[in-house]
Amino acid sequence: MKEEDIYRWITEEDEERSCKAISEENCTNVPGNFIKNALSGFCSKLAEQLVSPGVTLPWMLSMFDAGLGFSGMLVPLKNLGSLLPQLFVSGKIRAFPIRKYFWGFPAMAQAALVALMGIAFFTLEGTVLGISVVSLLLLYSMASGVSSVAFKDVMGKTIPKGNRGRLLAARATGGGVLTLLFGLVLYFFLREQDTMGILFILVGLATILWVLAGVFFLWIEEEKGASDGGRTPIEEFRKGWKLLGQDSNLRTFVMARAFLMAIPLAQPFFVVIGRKNTDADLSGLGLFVVASGIAALVSSPFWGKLADWSSRKLMIGIGAFGILNCLLVLGFSYLPSDYRSIYLFAPLILLNMMAHGGARLSRKTYLTDFAPEEERPLYIALSNTLIGLFTILTAGLGFLAEWFSTDFLLYFLCGMLLVSMLLSYRLKEV
């Protein structure tokens, strides 16, 4: 099957391909670039799940007695490292006519940092292990932050408007299939392995996959774009601050996205709640990885089409979906102990991962379509940097459960999602 045929099958386009919002030069390479970008996503999505701060890392840290506090810091630090530096990076990226290198080379850096995490798990323990892992995760996330700005800009240059949601869905779906297969192997064939053996497989495979993801992305044929307007970090900050004051829709989007973060922030707490209530062993981790794969496989194509139809309405719907999920987790802890099975709890992890996939697709598609082409990197970086600042405030969410109760934490997350829905309703359609 040719690239053109695969591209048309995924995007449901006929022979007359539309190239909305990209140049004619880039239009000629669309099918090949779509597939290369998707293959890169297959690798990176599986790699992300193998060392996920929402599932795998908190599970492993708890098994190595690193303390619940470090598990609670993983998602906020992941978001902080990914988002906060982006405003200072985007101005520099504008000075380069080819921007795919800002995704490919950071992917290689992420591979190296994952390998260092593996070394930390094999040589350290307790508090020292926790500090090492969260520190390496912060650096790993900063590399991811550079990639994020470049990815949306390269996608905006090489993929037509109207097919970007489908590309994001294809990346997530392919990664979901691979994650599902790995989870099944972990559950059925590797569950009897010792913890260190499982850890070696997780870290080693993730390292290789990040290298492959970088190679596929560097293979994309990207035409040179405008390189004027490059700004220093201070100039970028001033420009972004001015833009935020002028664009009310951007302000509303940033706030809606901030409160929608309740969905990924809930993930490690769901994992801890599930493990505590079911006393699950490594087979439980396998089930959660399977749930992650199913979530991407089942939900991503659906979310992708909805995002291309109306990313704003999808943001509203995902908020409601997340509230329902939190209430179901809340209800699980009130079940009689005989019914608290890991097999009953795993679908709740699945639902949250589905919601997370929809949240990411909706806000990425909305921002890519909403941002003016000439200022797209700034819009992306400004939004991400402000979310990074918001993330600092969420680092102490775990203490809500310690000071009050897990129930209070779940109600608090529901409140965040309700605010996100109200703000998303006020957004302009794009």
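Just so it is clear, the structure is predicted and the values come from calculations on it, not from any experiment.
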Within the structure provided, determine whether [X] and [Y] are in side-chain contact (heavy-atom separation under 4.5 Å).
X: F345; Y: L348; value: yes
X: F42; Y: T179; value: no
X: F321; Y: M354; value: yes
X: Y140; Y: V51; value: yes
X: T56; Y: F288; value: no
X: F390; Y: L80; value: no
X: L202; Y: L205; value: no
X: L367; Y: S383; value: yes

Original post:
Is the CZ atom of F122 crowded by more than 12 outside heavy atoms at less than 6.0 Å?
Top reply: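 Check passes, neighbour count above 12.
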
Give, for atom [atom1] of [X] and atom [atom2] of [Y], the distance between the pair rounded to the nearest 0.5 Å.
X: C414; Y: L327; atom1: SG; atom2: CG; value: 4.5 Å
X: F121; Y: L129; atom1: CZ; atom2: CG; value: 5.5 Å
X: I35; Y: I220; atom1: CD1; atom2: CD1; value: 11.5 Å
X: F259; Y: L265; atom1: CZ; atom2: CG; value: 12.0 Å
X: N79; Y: I387; atom1: CG; atom2: CD1; value: 9.0 Å
X: L199; Y: M60; atom1: CG; atom2: CE; value: 4.5 Å

Output side-chain donor-acceptor pairs under 3.5 Å for residues 131-139, partner residues at least two apart or in another chain, one line each.
| residue | atom | partner | partner atom | Å |
| --- | --- | --- | --- | --- |
| S132 | OG | V128 | O | 2.9 |
| S135 | OG | I131 | O | 2.7 |

Okay, side chain of [X], backbone of [Y]: is any donor-acceptor separation there less than 3.5 Å?
X: T278; Y: S341; answer: no
X: N352; Y: N325; answer: no
X: K36; Y: F216; answer: no
X: N249; Y: L427; answer: no
X: T365; Y: S362; answer: no
X: T252; Y: R426; answer: no
X: S141; Y: G81; answer: no
X: S147; Y: A143; answer: yes

Of all heavy-atom pairs between [X] and [Y], which one has the smallest distance, and what is that distance?
X: A346; Y: L287; result: CB-CB, 4.4 Å
X: L413; Y: A266; result: CD1-CB, 3.6 Å
X: P58; Y: P268; result: CG-CB, 4.3 Å
X: G183; Y: V290; result: C-CG2, 3.2 Å
X: A38; Y: R171; result: CA-CG, 3.8 Å
X: A291; Y: I349; result: CB-CG2, 4.4 Å

**OP:** Check the side chains of S310 and E429 for a donor-acceptor pair under 3.5 angstrom, ignoring hydrogens and angles.
**Re:**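 Yes.
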
Original post:
Given E48 and W210, is the side chain to side chain contact (heavy atoms under 4.5 Å, CB included) satisfied, shown in steps?
Top reply: CA-CA 9 Å; E48 287 174 351; W210 271 119; 3.8 Å; yes

Original post:
What do the steps show when you test K428 against Y366 for side chain to side chain contact (heavy atoms under 4.5 Å, CB included), and what is the final call?
Top reply: CA-CA 10 Å; K428 298 177 182 178; Y366 186 89; 4.2 Å; yes

**OP:** Kindly indicate whether a cation-pi arrangement holds for R312 with F370, taking the cut-offs as under 6.0 Å to the six-membered ring centre and within 45° of the axis.
**Re:** no

Subject >> Partner of L260 under side chain to side chain contact (heavy atoms under 4.5 Å, CB included), chosen from I316, L417, L423 >> reply: L417

Do any side-chain atoms of residues 101-120 form donor-acceptor pairs under 3.5 angstrom with protein atoms, and if so which ones, sequence neighbours left out?
none

**OP:** Could you please spell out the steps behind the side chain to side chain contact (heavy atoms under 4.5 Å, CB included) verdict for S148 and S144?
**Re:** CA-CA 6 Å; S148 180; S144 174; 5.6 Å; no

**OP:** Show your reasoning for whether side chain to side chain donor-acceptor pair (under 3.5 Å) applies to R363 and S311.
**Re:** CA-CA 7 Å; R363 51 99 171 161; S311 50; over 6 Å; no

**OP:** Please test S44 against L209 for side chain to side chain contact (heavy atoms under 4.5 Å, CB included), starting from the C-alpha separation and ending with a verdict.
**Re:** CA-CA 6 Å; S44 65; L209 286 167; over 6 Å; no

Original post:
Taking the inter-plane angle between the rings of F151 and F217 on a 0 to 90° scale, is it parallel (under 30°), tilted (30 to 60°) or perpendicular (over 60°)?
Top reply: tilted

